[in-house]
**Student:** 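Encoded as structure tokens, here's the structure I'll be asking about.
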Amino acid sequence: MKELVGIAEQVAAKLIARKQTIAVAESSAGGLISASLLAVPGASAYFLGGAVVYTRDARRVLMDISDDGMKGFRSSSEPYAKLLAERMRTRFGCDWGLSETGAAGPTGNRYGDAAGHSCMAVAGPAAEVMTLETGSNDRLANMQVFAATALKLLLKKLEE
């Protein structure tokens, strides 16, 4: 968790300096991204909210994305990660949306992705989507790597 908070501190400093805000949607990171950002004192200046969108029901209720709204999308994919990041940004009216969706392990998901597969996206003044494959089936280690990678992706966009 220390590594995650260290990255989150860098993100927080940039967001606070710019007076910008963020909202997070995460799945297989299980809330670690949000927890890391919230562990930084002064988080209320930049963190508007987050959601663990782990199931279809969570997607429907928390993100207001119906099954029909998922036509052409597949969970644990770059287009879906982009949709989640953009949806969080819009719903919260914030500067940045950050998302993560994947398969932590120890097995893959029902879409055929192996354990250690994650897609993440940043939506905001700068945007990027990426896929990570850890090659590991260690659930906790994957969750931590997913969260760290998502935070680093956001930090990279904040530094551009």
Side-chain angles (χ1 to χ4, degrees), residues 4-5 7-104 109-111 113 117-133 142-160:
L4 292 174
V5 175
I7 303 163
E9 286 171 340
Q10 296 173 65
V11 167
K14 297 222 178 283
L15 290 171
I16 290 168
R18 295 175 176 195
K19 294 182 171 45
Q20 291 181 331
T21 55
I22 187 167
V24 177
E26 52 194 304
S27 175
S28 50
L32 289 176
I33 299 167
S34 295
S36 300
L37 290 167
L38 289 168
V40 180
S44 60
Y46 60 86
F47 187 88
L48 297 187
V52 178
V53 186
Y54 196 70
T55 63
R56 288 175 62 191
D57 285 342
R59 174 184 39 83
R60 287 185 204 116
V61 174
L62 299 172
M63 302 303 296
D64 194 29
I65 301 172
S66 67
D67 289 343
D68 283 346
M70 282 297 288
K71 283 196 167 69
F73 290 96
R74 178 181 72 77
S75 294
S76 302
S77 68
E78 288 189 4
Y80 181 61
K82 183 179 180 204
L83 174 67
L84 290 178
E86 290 171 347
R87 181 65 56 105
M88 288 305 275
R89 185 176 184 220
T90 302
R91 288 174 67 93
F92 280 89
C94 54
D95 300 287
W96 298 93
L98 178 63
S99 73
E100 177 280 330
T101 177
N109 60 28
R110 66 180 184 205
Y111 310 106
D113 301 308
H117 167 89
S118 178
C119 296
M120 45 210 71
V122 174
E128 188 168 338
V129 183
M130 66 167 285
T131 298
L132 171 70
E133 301 285 352
N142 282 334
M143 291 171 72
Q144 292 173 327
V145 171
F146 296 169
T149 303
L151 288 166
K152 288 174 185 172
L153 180 64
L154 174 61
L155 184 59
K156 181 178 119 179
K157 294 289 118 186
L158 286 164
E159 290 174 341
E160 286 180 354

**Student:** Would you indicate whether the side-chain heavy atoms of Ile22 and Leu154 approach each other to under 4.5 Å?
**Tutor:**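 Side chain of Leu154 against side chain of Ile22, heavy atoms only: contact under 4.5 Å found.
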**Student:** With a 4.5 Å cut-off on side-chain heavy atoms, are Leu84 and Ile65 touching?
**Tutor:** yes
**Student:** Answer yes or no: is there a side-chain heavy-atom contact under 4.5 Å between Ile33 and Leu151?
**Tutor:** yes
**Student:** Are any of the side-chain heavy atoms of Thr101 and Arg59 separated by less than 4.5 Å?
**Tutor:** no
**Student:** Apply side-chain hydrogen bond (donor to acceptor under 3.5 Å, both in side chains) to Thr131 and list each qualifying residue two or more places apart in sequence or on a separate chain.
**Tutor:**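 Result, side-chain hydrogen bond (donor to acceptor under 3.5 Å, both in side chains) vs Thr131: Glu78.
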**Student:** Side-chain contact test, heavy atoms from C-beta onward, threshold under 4.5 Å: evaluate it for Leu38 versus Phe47 and give yes or no.
**Tutor:** yes
**Student:** Going by side-chain contact (heavy atoms from CB on, under 4.5 Å), name the residues that satisfy it together with Ala35, two or more places apart in sequence or in a different chain.
**Tutor:** Met1
**Student:** Listed by chain and number, what are the side-chain contact (heavy atoms from CB on, under 4.5 Å) partners of Thr149, not counting sequence neighbours?
**Tutor:** Met120, Met130, Leu132, Val145
**Student:** Please tell me if the side chains of Tyr46 and Leu37 come closer than 4.5 Å, counting only heavy atoms from C-beta onward.
**Tutor:**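 With C-beta onward as the side chain, the pair touches.
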**Student:** Hey, are the side chains of Glu160 and Pro125 touching, using non-hydrogen atoms and a 4.5 Å cut-off?
**Tutor:**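 Glu160 vs Pro125: side chains apart.
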**Student:** Residues two or more places apart in sequence or in another chain: which of them pass side-chain contact (heavy atoms from CB on, under 4.5 Å) with Arg18?
**Tutor:**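 side-chain contact (heavy atoms from CB on, under 4.5 Å) check on Arg18 returns Gln20, Trp96, Leu158.
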**Student:** Sequence neighbours left out, cut at 3.5 Å: what donor-acceptor pairs do the side chains of residues 85-94 make with other protein atoms?
**Tutor:**
unit_1: Arg87; atom_1: NH1; unit_2: Met63; atom_2: O; d: 2.9
unit_1: Arg87; atom_1: NH1; unit_2: Asp64; atom_2: O; d: 2.9
unit_1: Arg89; atom_1: NE; unit_2: Asp95; atom_2: O; d: 2.8
unit_1: Thr90; atom_1: OG1; unit_2: Glu86; atom_2: O; d: 3.0
unit_1: Arg91; atom_1: NH2; unit_2: Leu62; atom_2: O; d: 3.4

**Student:** Residues two or more places apart in sequence or in another chain: which of them pass side-chain hydrogen bond (donor to acceptor under 3.5 Å, both in side chains) with Ser76?
**Tutor:** Asn109
**Student:** Are side-chain heavy atoms of Glu100 and Cys119 found at a separation under 4.5 Å?
**Tutor:** no
**Student:** Is a side-chain donor or acceptor of Glu9 paired with a backbone partner of Val40 at a separation under 3.5 angstrom?
**Tutor:** no
**Student:** Taking Ser118 for its side chain and Gly102 for its backbone only, find out whether a donor-acceptor pair lies under 3.5 Å.
**Tutor:**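 No: the side chain of Ser118 does not pair with the backbone of Gly102.
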